[in-house]
> 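One structure coming up, written as structure tokens, with questions to follow.
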Amino acid sequence: MKTVSLREAEADLSRLVEEAARGEAFVIAQDGRPLVRVVPAEAEAPRTQRLGGLIGQISVPDDFDTMFQDEIVRMFEGAYKGKAEP
């Protein structure tokens with residue numbers, strides 16, 4: 001992606017906008033630091049993840065917070081030998 005200085009963008013904005021409209025996105029930078037990215041208006045917006053996007057597709061057991069609690073305690077206490085104990 002092409003990078004142009006802020007001064008160049010100010011001086012030649014109409015040409016740069018025409019290029020971006022044709023699909024040639026560019027970055028405007030100041031002192032070598034990127035400030036903004038110019039892309040065509042029809043460009044697809046980046047997809048973002050939504051919270052709750054899996055509602056209805058997965059289920060969490062009611063005992064989720066206590067599942068395998070006894071086995072975990074045995075593991076931390078050193079009584080676990082790699083197999084379930086009575």
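All residue numbers refer to positions in the sequence shown, counting from 1. The structure displayed is predicted, hence computed values, not measured ones.
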> Report yes or no: do Val27 and Val36 belong to one cluster of Ile/Leu/Val/Met/Phe/Trp/Tyr joined by side chain heavy-atom distances under 4.5 Å?
no

> Is there a side-chain contact between Glu19 and Lys2 (heavy atoms, below 4.5 Å)?
yes

> Heavy atoms, side chains only, cut-off 4.5 Å: are Glu24 and Met1 in contact?
no

> Measure across Leu16 and Ala9 and return the closest heavy-atom pair with its distance rounded to 0.1 Å.
CD1-CA, 3.6 Å

> When rounded to the nearest 0.5 angstrom, what distance separates CD1 in Ile72 from CD in Glu77?
12.0 Å

> Just wondering, do Arg15 and Glu8 contact through their side chains at under 4.5 Å, heavy atoms?
yes

> Should Leu54 and Phe64 be regarded as members of a common hydrophobic cluster, given that ILVMFWY residues are connected when their side-chain heavy atoms come within less than 4.5 Å of each other, either directly or indirectly?
no

> Search all heavy atoms of Pro40 against all heavy atoms of Gly23 and return the closest pair with its distance.
CG-CA, 3.7 Å

> A side-chain contact here means heavy atoms from C-beta on lying under 4.5 Å apart; do Pro61 and Met67 qualify?
yes

> Verify the cluster assignment for Ile28 and Val39: are they in a single hydrophobic cluster under the rule of side-chain heavy atoms below 4.5 Å apart?
no

> How about CG on Asp62, more than 12 heavy atoms from neighbouring residues, nucleotides or ligands closer than 6.0 Å, or not?
no

> How about CZ on Arg7, more than 12 heavy atoms from neighbouring residues, nucleotides or ligands closer than 6.0 Å, or not?
no

